[in-house]
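Every chain is numbered from 1 and lettered A, B, ... according to where its sequence line falls, protein lines coming before strand lines. These values consider heavy atoms only, across backbone and side chains, with no hydrogens, waters or symmetry-generated copies.
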Amino acid sequence: MIHGIKGVKDLLPEEAARWQVIEETARRLSFLYGYREIRVPIFESTELFARSIGASTDIVEKEMYTFQDRDGSSLTLRPEATAGVARAYIEHNLGASATAQKFFYLGPMFRHERPQAGRLRQFHQYGVESFGSASPLADVEVVSLLWRVLSELHLPGLTLEINSLGDVADRPAYKGVLLDFLKRQEEQLCQNCRRRMGTNPLRVLDCKVPTCKAATEEAPKLTDHLSLNSRQHFEEVLGGLKELGIPYLLNPRLVRGLDYYTLTTFEVTSQHLGAQNAVGAGGRYDGLVEALGGPKTPAIGFAVGIERASLVLPDSAVPSLGKMVFVAAFGQKGVPVGTRILHELRTLGVRSDSDYRATTLKAHLRQADRLGAVFVLIIGDDEAEKGQVILRNMTSKEQQDLPLSTAAQSVASRLSSV
RNA sequence: GUGGGUGUAGCUCAGCUGGUUAGAGCGCCGGAUUGUGGAUCCGGAGGUCGCGGGUUCGAAACCCGUCACUCACCCCA
């Protein structure tokens, strides 16, 4: 038997219904906040991701699905969407538009990681990107949209954490201060963190190894080494969140893994997820567009893991299936009449079904019951000959004869009044 | 990439220190009800015990290998 690839999942109808709720909410609220949908390719040139995500990140180092095109160029299945959206923004010169450019997207991403709860090799994200505004108000808008979407889905146990990484000028200065500190503590750091000192020292602060945590307890805080502008920006973001009544937690150790983040970074976690508990996260990336060869452009965005959202989405958030009518047709003469009336019902917009395997009335009714039909139209040979159908109300068990010619219409109007 | 856990019917799982024909519940199909669903009773179908090798008179069970799933580390949405 051929089975699906490791880390890749089929979405059966029951779960697809959960996704539809998430996707519908994401689309509706994004649009409400002035964002419009953008669809960018699922694969891009490898260089795009290497340059935007950061050459020394795990994603680029060992998690990308990279392959050669026929002409020998290196392509990669997107591990995230920001790079592609930024590329499109530059390529179509969207910075020249008079209006701010705000986008949302939905789609699959690919990372070759070991699967676990809430982590797959093909996973899906909903995200937004807001280009052009350096104002803290843009940060507040993006965070509040994220919070709104997750809250409106009634995801339980949410916490919003926020931090500032400083701007491009602050970081090298802070990195120096941090490295001095880390060098004095090097003995107590894990192998991984010693390596990180050379590649991405900020990540040492995010290490979960207890000894590392303890060793960096007294580490100089990023937020204490911000420039006046950066600090002011952060203060205004926090002030804006307070203004909107969005609860947040300051987390000076919150360091996003992707190299392009600057200033504001944030993450929303749920207690009800496993170890991979971030359901949505993002940050400002003011340097990215320029780094990719575009004009100097401030930008900020977030991404939500659809699978993770679905894991904690309460069942009550998923609407039940609508009312439906079942056609129970049997016998030489009954079946063709039933086929016709089923078609008629569907033409009238009535959700209706039949079971072509069932040959007895009993079997039909059993199927009707399982599908939750509110009405069943019974058509056997007797009814077909008399030009009638029996209408059975499945909850009250009442039955009545209807003339065949107007039966579908009559059921349609009854259905709307049930 | 590294660790741990689990693989027995469609699903959830029993199966003792190795011992006759591998079980239960739920689900499915049929009958009781010759044209009326859910409840009840009765009957039935359904299994390469993940796969391969080994030990043994005898393996679902023990050993080795392998694959899959899963959780965690790492990292991240």
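- Sorted by first and then second residue, the ring-ring contact (aromatic ring centres under 6.0 Å, His included) pairs involving residues 160-218 of chain A (not counting sequence neighbours) are A/Tyr174-A/His225.
- Every residue meeting the side-chain contact (heavy atoms from CB on, under 4.5 Å) condition with A/Gln400, not counting sequence neighbours, appears here in chain and number order: A/Leu391, A/Leu402, A/Arg414.
- Scanning residues 274-282 of chain A for heavy-atom distances under 4.0 Å to RNA chain B yields A/Gly274, A/Ala275, A/Gln276, A/Ala278, A/Val279, A/Gly280, A/Ala281.
- Contacts of residues 110-126 of chain A with RNA chain B (heavy atom under 4.0 Å): A/Arg111, A/Glu113, A/Arg114, A/Gln116, A/Ala117, A/Gly118, A/Arg119, A/Leu120, A/Phe123, A/Gln125.
- Residues passing the ring pair (Phe, Tyr, Trp, His ring centres under 6.0 Å) test with A/Tyr35: none are found, sequence neighbours excluded.
- The side chain to side chain donor-acceptor pair (under 3.5 Å) test applied to A/Thr76 returns A/Thr46, A/Thr66, not counting sequence neighbours.
- Remark: nothing in residues 13-24 of chain A comes within less than 4.0 Å of RNA chain B through any heavy atom.
- In this structure A/Arg171 satisfies the side-chain contact (heavy atoms from CB on, under 4.5 Å) test together with A/Leu165, A/Leu202, A/Thr262, sequence neighbours excluded.
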- Task: Let me have a per-nucleotide readout for nucleotides 36-41 of chain B, 5' to 3', with B, S or -, counting only protein heavy atoms under 4.0 Å.
- Result: BBB---

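- Annotated stems with RNA chain B as a participant read B:1-7 with B:67-73, B:10-13 with B:23-26, B:28-32 with B:40-44, B:50-54 with B:62-66, given as range with range, by first number; only runs of 3 or more Watson-Crick or G-U pairs under 3.5 Å qualify.
- Contacts between residues 327-337 of chain A and RNA chain B, counted as heavy-atom distances below 4.0 Å, involve A/Phe330.
- Residues that satisfy the salt bridge (charged side-chain N to carboxylate O under 4.0 Å, His left out) test with A/Asp369, not counting sequence neighbours, are absent from this structure.
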